[in-house]
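The structure under discussion appears below in the form of C-alpha cells.
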Amino acid sequence: MDGLLIDSEDQYTEVTNTILRENGRPDLPWSIKAQLQGRPGPSAGKIFRAWAQLPLTEEQFMARQKELQAEAFKKCKPLPGVKNLLARLDGAHTRVPSFGRSPAGGGKKVRLALATSSHGRNYDIKTQYMSKMFGVFPERQRVVGDDPRIPRGRGKPLPDIYLLALQCINDGIDSEGNGERHVQPEECLVFEDSVPGVEAGRRAGMRTIWCPHKGLLEVYKDRVEQVLAGNTGEHKEEDLDHTAGEPLKGSPGHVGEIGDGWAEMLATLEDFDYMKYGISFADIRYVSESGQPASAGTTDKELEEMTAMADGKTHAPEEGTPVTSPVGTPVPGLKESKV
C-alpha cells in the first residue's frame, strides 16, 4: 500500500524529517529509508535508531511520531494509475490464451488481497478518504502489519504476510462453495514498491512487479536485477524473533535467480501490461484518470499518445507492426489494430 497505491511514503519522510530537524539532525537519506521501507515497525525502528542517534527515548520518539502522523496521513492521495488498475482488476478474469503460454490459468476470476506492513490504526487514517478505492479488497482479504496471524518477527522481507494473504483468498474461495480449486503461489502476482517487499514476494514463490519511488531507484540503480531476484541480502537472521510462533507454511522460502523472468520493474502502474499476465476485462469500459473515455486495456499513457497523434505530434505505428503474445513473443500474421 504505502508508496505503491498511495503517496504515504512521502508523508512518512516529512514526519521523520520534522523530528530529525527538531533535534538538530540531518534529513533522512534514501540510503537509510530504503532499508526501512516495507519492514514491520520494530525492525524498521531498530535500523532507524542506530542511524539517527536521537537524544530521545524510544517512547518519546514514538509519541511525537504518532502526533505528527495523525495529521500527515490525512493528506494521502492515490498514486498515478492506481484507481484504474484496481477498478480493472476488480472486474477481471484470467484469459484462456488462444496462442502462446500465459503465466495465468484461464477463465478464473482475479482475486485481490492487500498485504501491508502498516498497522490497522494507520491503515484506517491513511485510507479514510479513499474507502471506495480500497473497497475492491474484501475485508477478510486485507492483511495489516499487526495482524495476530503473522508471527512476531516474520514481517517482510520474509514471505509470511503474502502467504497469509493467499490463504485468505483461498478461504474466500472455499466459502463460496462452488468447487473452485485453490490459487497456487506461482499463479499470484505481487505488486511492491519496497526492496524487502520484493524479496518477500519472491520468497513466497510469486511473480513480482517492482514499482519504486524515484529516490529508491537512485539508490538501487546499479542493482536492479538483484532487487528483482530478491537476493540483495535484506534477510538477516539476527533481525528475526522466533519466540512468538511458528512461521507460516512455505516461509522463509527461496529468493529468485538473476534474470529468471519472474519479476519486472515498472516506472508507474500506468504501464502495467494486462495481456502479459493473462488478464482480461474485455467486457468493461473505463475512462482515464483525466476523464477521457477509453476501451478496456487502454492505459493513461496510451491515451496521451492517442491525443498526440490526433494533434499531429506523432505517427501511428506502421502497418504490420507485430502484436506480442502474453509472454512477449511476436505472433506471426497478426497486426496491431489502429485506434
Side-chain angles (χ1 to χ4, degrees), residues 1-79 114-131 134 139 142-158 160-161 164 192-197 200 213 215-216 219 234 236 238-245:
M1 179 179 73
D2 296 298
L4 178 84
L5 303 181
I6 60 177
D7 64 353
S8 48
E9 281 298 342
D10 291 333
Q11 311 304 329
Y12 273 113
T13 300
E14 177 185 316
V15 166
T16 301
N17 286 341
T18 296
I19 299 174
L20 289 168
R21 292 166 188 167
E22 288 174 348
N23 291 275
R25 299 288 289 138
D27 285 355
L28 183 69
W30 264 102
S31 58
I32 299 299
K33 184 174 175 64
Q35 301 175 50
L36 311 180
Q37 279 188 299
R39 289 181 180 272
S43 60
K46 180 179 178 181
I47 294 170
F48 174 75
R49 288 191 298 275
W51 171 82
Q53 297 295 305
L54 288 169
L56 302 173
T57 64
E58 183 177 352
E59 290 72 23
Q60 290 173 324
F61 174 81
M62 295 294 289
R64 181 60 173 149
Q65 182 187 57
K66 184 177 179 179
E67 177 186 7
L68 292 172
Q69 285 180 347
E71 292 303 314
F73 288 160
K74 294 177 182 178
K75 298 184 285 186
C76 291
K77 302 183 297 297
L79 287 165
L114 181 73
T116 175
S117 296
S118 275
H119 284 199
R121 176 181 177 277
N122 281 343
Y123 170 85
D124 291 338
I125 296 174
K126 294 169 186 175
T127 64
Q128 60 183 319
Y129 302 119
M130 294 177 275
S131 57
F134 280 91
E139 188 170 353
R142 300 174 194 168
V143 183
V144 294
D146 53 349
D147 191 307
R149 295 171 295 177
I150 303 175
R152 183 180 175 186
R154 306 297 301 184
K156 302 173 187 177
L158 294 176
D160 297 59
I161 192 169
L164 177 58
E192 264 290 350
D193 71 302
S194 74
V195 173
H213 188 288
L216 178 65
V219 174
E234 296 291 343
K236 302 282 196 306
E238 60 267 26
D239 291 339
L240 305 179
D241 184 341
H242 299 282
T243 62

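When reading the values below, keep in mind they use all heavy atoms of this one structure, side chains included, and skip hydrogens, waters and symmetry mates.
In terms of modelled atom types and a separation under 3.5 Å, the side chain of Gln128 and the main chain of Ile125 share a donor-acceptor contact. Of the possible polar contacts, one joining the His213 side chain to the Gly215 backbone as a donor-acceptor pair under 3.5 Å is found. When atom types are taken as modelled, the side chain of Asn23 and the backbone of Arg25 share no donor-acceptor pair closer than 3.5 angstrom.
Within the 4.5 Å cutoff, the side chain of Leu114 has heavy atoms near those of the Leu5 side chain. Side-chain contact between Tyr12 and Leu28: absent, with no pair of heavy atoms (C-beta onward) separated by less than 4.5 Å.
Between Lys33 and Thr13, the side chains place a donor N or O and an acceptor N or O closer than 3.5 Å (distance only, hydrogens not considered).
Looking at residues two or more places apart in sequence or on another chain, you find no salt bridge (Lys or Arg N to Asp or Glu O under 4.0 Å) involving Lys66. By the salt bridge (Lys or Arg N to Asp or Glu O under 4.0 Å) test, Arg64 pairs with Glu22, Glu67, sequence neighbours left out. Scanning for salt bridge (Lys or Arg N to Asp or Glu O under 4.0 Å) contacts around Arg49 gives Glu58, with sequence neighbours left out.
Among all heavy-atom pairs drawn from Cys76 and Ser8, the shortest one is SG-CB, 3.6 Å.
A salt bridge between Lys126 and Asp2 is present, with a side-chain N of the basic residue lying under 4.0 Å from a carboxylate O of the acidic one.
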Item to check | Audit row: Leu79, Leu4, side chain to side chain contact (heavy atoms under 4.5 Å, CB included) steps and yes/no | outcome: CA-CA 7 Å; Leu79 287 165; Leu4 178 84; 5.6 Å; no
